[in-house]
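Worksheet: the structure to be examined is printed underneath.
If you're wondering where the values come from, they're calculated on a predicted model, not measured in any experiment. Nothing fancy with the numbering, it's 1 onward along the sequence.
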Amino acid sequence: MGEMSREELVVQRARKAFQTGKTKPLEFRKQQLQNLLRFVTERRKEIADSVKKDLGKSERGTELFETLGCEGEIRLALQHLSDWAAPRPVEKTLMTLPDQAYVQPQPLGLVLIIGAWNYPWAVTLQPLVGAIAAGNAAIIKPSEVSSHSAKAMEELLPQYLDTDLYPVVSGGVSETQELLRQRFDHVFYTGSSSVGRLVMEAAAAHLTPVTLELGGKSPCYVHPDCNIRVAARRITWGKFVNCGQTCIAPDYVLCEPSVESRLLEEVRECIKEFYTENPKGFEDYGRIINQRHFRRIVGLMEGSTVALGGDCDEADCYIGPTVLKDVSADSKVMKEEIFGPLLPIISVSGVDQAIQFISDREKPLVIYVFTEDKKIIQRMITETSSGALLANDCLVHFTVSTLPFGGVGHSGMGRYHGKHSFEQLSHMRSCLVRSLAMESVNLSRYPPQDRRRARRARMAMRAPLIDMSRRTFVWAVSATVIAVVLMVTLVVILLIAAGLNCTCWYWRGIYNYFW
């Protein structure tokens, strides 16, 4: 038997730590979440420095797109963890009326979290919040592509979290492959669809469930009735933030020819307003992660006309905000997810063709639609499929913790954020606790069967009669108490009335006797 790899040893140690039951008490989970919050707030400078080195992002940009979201997720989990982890009563049939029937969230066990390089802290730590809240152990594998962030995470995070339960494993493709050969209870991967397939294939060997947060070509339809100026501002921001290296960035725009020229002019003004006339020297405009990705993105421009921007510097991994026109469905830029600062504009005849264009392709992570017409928004919701739909803005649905974030089909599976992270990384265990008493109630299910017993069984197992969910249960109890009080009051009134009536008859009898 050969010597165990470093990855295998880490996995074994984390699983043994989980099996001690250390993560099950809510107080321990809350303590670890508080430590994680302290890490994000105390190490804000080191986090920003690492992202600056990896992606050229400013300190303010890192705070806005990386750490603020993490802080919000942690605070939300701390506030609601007791409710999330509590047993959840369910509806019961007549047969199970006296019994306890509920769903008990339980930890899955050992989770592998594989982060992405484009937002190296947010998309790694936010799933970790859900894993800790749900009571799991978790191995954190940051992306080696954002090397400075990965190194900072490996050095700093163990100073705040339990090192056996939440180790950070650094390394490249070989280390990730070795981790995937181990057995986990859940794998949470954020990244490309091509690697997502490999992750799913490796997890299948152990029948391990996966959450795949992938990407795709998210379309943006701009209808002529909308405020083109406002639409251009929001699209420009959503597309060029982080140099377009955002999984939910609008990948391409669909609009009518009458809208295209107006939209181009407004986007030109927005780029100048947001990033000045020299984005390369502006601190809030970052860089492509490396030269390999730089060359891939530049290659996607072939065959299309550059309407705005197009300036590049390979040595600096810089590509300016760029808008492409004369783009068709067969253009090179439409063959893969761009993941860079290129915005193709494709002409369509109207909303019907836009819907058809979207529906003919893989399901995207998000669909954006800009219009004042609620019927068009409803058509987009009804006639297309995507992980999310956002009308009249870009990206901001990611910030709403009550909305599940995730893809569908080619853009991924599973969801997270807020309570959804907790549930995604929990096992919802069904629990039914019955009594050995009242056996006569069960006679109808035992042989020998006859028509009378079958009728009783159907009645006992009929659709749920009593909803035991918390809100409904509270209302049911309240209504019952009110009904009982009213009934008692009525009985008292009747008794008093009857008493008065008896008294009247008594005195009337005495009167008649003497007079």
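Using a 3.5 Å distance cut-off with no hydrogens or angles, the side chains of Tyr119 and Thr246 do pair a donor with an acceptor.
Using a 4.5 Å cut-off on side-chain heavy atoms (C-beta onward), Gln100 and Cys431 make no contact.
Trp121 and Phe39 have tilted rings, their planes meeting at an angle from 30° to 60° on a 0 to 90° scale. Using bins of under 30°, 30° to 60° and over 60° for the plane-to-plane angle, the ring pair Phe188/His186 lands in the tilted bin.
Of all the heavy atoms in Cys394 and Phe370, the pair that sits closest is SG-CZ, 4.0 Å. Residue Leu26 comes nearest to Ser82 through the heavy atom pair CD1-CA, 3.9 Å, listed as atom of the first residue, atom of the second, then distance. For the residue pair Ser385 and Val408, the shortest heavy atom distance occurs at OG-CG1, 4.0 Å. Closest approach of Asp164 and Ala17 over heavy atoms only: CB-CB, 3.9 Å. A pairwise comparison of heavy atoms in Val103 and Met428 identifies CG1-CB, 3.7 Å as the closest pair.
Counting heavy atoms of neighbouring residues, nucleotides and ligands inside a 6.0 Å radius, atom CZ of Arg38 exceeds 12 of them. For Lys30, the NZ atom is densely surrounded, since the number of other residues' heavy atoms within 6.0 Å is greater than 12. Other residues, nucleotides and ligands place more than 12 heavy atoms under 6.0 Å from the CZ atom of Arg296. Within a 6.0 Å radius of CD in Glu201, other residues, nucleotides and ligands contribute 12 heavy atoms or fewer.
You'll find the ring centres of His417 and Phe398 inside the 6.0 Å limit. In summary, the aromatic rings of Trp237 and Tyr368 are positioned with their centroids too far apart to meet the 6.0 Å limit. When ring centroids are compared, Trp117 and His293 come within the 6.0 Å threshold. Ring pair Phe274/Phe282: centre-to-centre distance not below 6.0 Å.
With respect to the salt-bridge test (charged N to carboxylate O, under 4.0 angstrom), the residues Lys22 and Asp162 qualify. Of the charged side-chain nitrogens involved, at least one lies within less than 4.0 Å of a carboxylate oxygen, so that Arg181 and Glu178 count as a salt-bridged pair.
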How far apart are the C-alpha atoms of Lys151 and Glu154, what are their side-chain angles, what is the distance that settles it, and do they pass the salt bridge (Lys or Arg N to Asp or Glu O under 4.0 Å) test?
-> CA-CA 5 Å; Lys151 184 179 179 183; Glu154 183 183 26; over 6 Å; no
